[in-house]
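Only one structure is covered here, and it is reproduced in the block below.
Quantities reported herein were computed from a predicted structural model and do not represent experimental measurements. Lettering follows sequence order; numbering is per chain, from 1.
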There are 2 protein chains.
Amino acid sequence: MRTRRAEYSESTRQALVDSAVHLFTKRGYAGTSLDEVVKRARVTKGALYHHFSGKQALFEAAFTQVETQSISSLTALITADGDAWETAVGGLRAYVRKCLEPEYQRIIVHEAPVVMGWERWREAEEQFSFGLLRTAVQLLVDAGEIEEAPVEIMARLLFGALSAGASTIASSSDPKRTGREVERAILRVLEGLRKK
Amino acid sequence: MRTRRAEYSESTRQALVDSAVHLFTKRGYAGTSLDEVVKRARVTKGALYHHFSGKQALFEAAFTQVETQSISSLTALITADGDAWETAVGGLRAYVRKCLEPEYQRIIVHEAPVVMGWERWREAEEQFSFGLLRTAVQLLVDAGEIEEAPVEIMARLLFGALSAGASTIASSSDPKRTGREVERAILRVLEGLRKK
DNA sequence: ACCGGTACGTACCGGCGGTATGTGAGATAC
DNA sequence: GTATCTCACATACCGCCGGTACGTACCGGT
């Protein structure tokens with residue numbers, strides 16, 4: 001059942017999400033009006049409220065789209081075979097790079113916890129960035145690379161450190177240099193946790 | 001020049017800030033209307049806009065008040081004489097406890113970066129929590145407790161980890177237990193950085 | 001060809017942030 | 001003491017925005 005109407009509908013929905021991602025990235029959630037969103041998508045608010053229950057739902061759709069696009073390549077990296085430590089370091093580097101993209105920076109790192117509420121955000125992140133990071137930490141523990149520890153807590157702390165690092169890089173006057181410094185600093189933290 | 005009018009004025013300003021702190025903590029920035037704020041302070045919007053240029057300025061006043069009250073005791077702890085390592089650990093414990101207070105949690109940790117904008121927030125935090133943390137890290141480096149490193153970056157990462165830990169504790173079903181786990185986890189990270 | 005339902009568009013509402021202006025109590029000058 | 005000035009508010013109003021109610025055109029099945 002692949003009708004034309006369904007295609008049109010999906011297309012307008014996609015246009016709305018794309019518009020939302022663009023504007024939320026540029027002006028933030030509170031600074032973006034739905035009139036702007038629908039204008040950019042060349043529809044009206046009727047279309048928006050047909051596809052989404054409100055502004056929050058639209059934000060969650062934008063959130064999900066950005067996260068989905070971002071996570072797929074990282075998951076492949078993390079779950080690949082090979083030395084656990086090297087794999088984790090590679091994933092770390094990739095994640096830091098991902099955090100530098102404006103869309104990820106603003107929508108996922110900065111605004112999502114406030115807009116969605118911490119509880120809902122935490123729940124949603126289980127299947128995205130945070131879930132991936134926890135998996136990576138668990139793999140390191142299983143491989144005996146770092147000492148036993150409450151994985152949940154460690155993953156939370158690492159997640160916070162990574163986010164702060166990404167923000168630091170993004171607002172730096174010399175992002176490339178700061179990026180290298182952040183990477184090295186996180187690596188030193190990880191090395192400190194490593195079994196001898 | 002200590003006139004009655006000046007005292008009244010300062011009193012109403014303080015009532016507005018107190019009201020703002022209470023409501024921003026309870027319902028967040030976006031969820032709080034200025035009508036509610038002025039109603040609770042038993043004044044009108046005229047008074048509010050006489051003392052503050054707008055909602056954002058009111059938030060910054062609330063931010064400053066919460067931070068100022070929070071920081072003073074911590075500063076005394078950190079700058080005290082004695083073993084640098086023990087002092088730092090004590091400061092860490094005190095900061096984690098501070099992050100458990102709802103006002104600090106919501107206004108300072110969660111909403112400030114989004115409401116004030118990351119750049120402005122970063123600038124303001126220089127003289128509050130973050131500045132204090134950087135001082136602590138610098139003291140540890142000076143005392144030779146941890147290896148030389150870019151203090152700025154390390155402080156940023158630690159700050160992010162602490163914030164994430166505080167959020168985790170606050171939304172935990174068993175905050176006291178989670179609090180101990182977070183403290184132990186951060187201590188392990190610090191121990192990993194410590195010189196042998 | 002007709003009908004049913006979906007995918008929108010249109011018009012409107014209530015609330016909120018912000019502003020322009022009025023006003024009265026307290027400070028000031030004589 | 002009283003006239004005047006000033007400033008700390010109060011009042012009334014505006015425009016914008018999120019959300020809703022309702023109208024409508026068009027596609028798809030029969």
Review point. Whole Å only: how far is the CZ atom of A:Arg13 from the C1' atom of C:dT6?
Key: 16 Å
Check your understanding: Are A:Leu158 and B:Leu92 connected, step by step, through hydrophobic side chains (Ile, Leu, Val, Met, Phe, Trp, Tyr) whose heavy atoms are closer than 4.5 Å?
Key -> yes
Exercise for review: May I ask you to evaluate whether B:Thr12 reaches the phosphate of D:dC9, defined as a side-chain N or O under 4.0 Å from OP1 or OP2?
Suggested key: yes
Practice item. May I ask you to say what B:Arg4 touches in the nucleic acid, namely base, sugar-phosphate or nothing, with a heavy-atom cut-off under 4.0 Å? Key: sugar-phosphate
Point to revise | Any B:Thr3 side-chain nitrogen or oxygen under 4.0 Å from OP1 or OP2 of C:dG26 | key: no
Check your understanding: OP1, OP2 of C:dC8 versus side-chain N and O of A:His51: anything below 4.0 Å?
Key -> yes
Exercise for review: Identify which nucleotide among C:dT10, C:dG18, D:dT11 has an atom closest to any side-chain atom of A:Thr44, counting heavy atoms from C-beta outward.
Suggested key: C:dT10
Review point. Can B:Glu191 and B:Arg188 be counted as an ion pair, charged N to O under 4.0 angstrom?
Key: no
**Study point:** Whole-Å gap separating C1' (C:dT10) and CG (A:Asp35)
**Key:** 13 Å
Review point. What distance do B:Glu125 atom CD and B:Ile108 atom CD1 have between them, rounded to the nearest 0.5 Å?
Key: 6.5 Å
Point to revise | Electrostatic pair A:Glu7-A:Arg13, nearest N-O below 4.0 angstrom | key: no
Point to revise | Side-chain H-bond candidate by donor/acceptor type, A:Glu67 with A:Gln127, under 3.5 Å | key: no
Practice item. Examine the base of C:dG9 for any acceptor or donor lying under 3.5 Å from a partner atom in the side chain of A:Lys45, and report the outcome as yes or no. Key: no
Check your understanding: In whole angstroms, how far is the P atom of D:dG18 from the OH atom of A:Tyr49?
Key -> 7 Å
**Study point:** Spacing between B:Phe52 atom CZ and D:dA8 atom C1', to the nearest angstrom
**Key:** 14 Å
Check your understanding: Closest to the B:Lys55 side chain: C:dC16, C:dG18, D:dA8?
Key -> C:dG18
Check your understanding: What integer distance in Å separates B:Tyr29:OH from C:dG17:C1'?
Key -> 9 Å
Exercise for review: Indicate whether OP1 or OP2 belonging to D:dA8 is found under 4.0 Å from a side-chain N or O atom of B:His50.
Suggested key: yes
Study note, to complete from the structure: Per atom distances to the A:Arg5 side chain, the nearest of C:dG17, C:dG24, D:dC27 is D:dC27
Exercise for review: May I have the distance from B:Lys39 (atom NZ) to D:dA10 (atom C1'), rounded to whole angstrom?
Suggested key: 17 Å
Practice item. Assign B:Thr32 to base, sugar-phosphate, or nothing according to its heavy-atom contacts below 4.0 angstrom with the strands shown. Key: sugar-phosphate
Practice item. Figure out the CG/P separation between A:Leu34 and C:dA11, and round it to whole Å. Key: 19 Å
Review point. Between atom CG in A:Leu48 and atom C1' in D:dC17, what is the gap in whole Å?
Key: 13 Å
Check your understanding: Does A:Ser9 put a side-chain nitrogen or oxygen below 4.0 Å from OP1 or OP2 of C:dC8?
Key -> yes
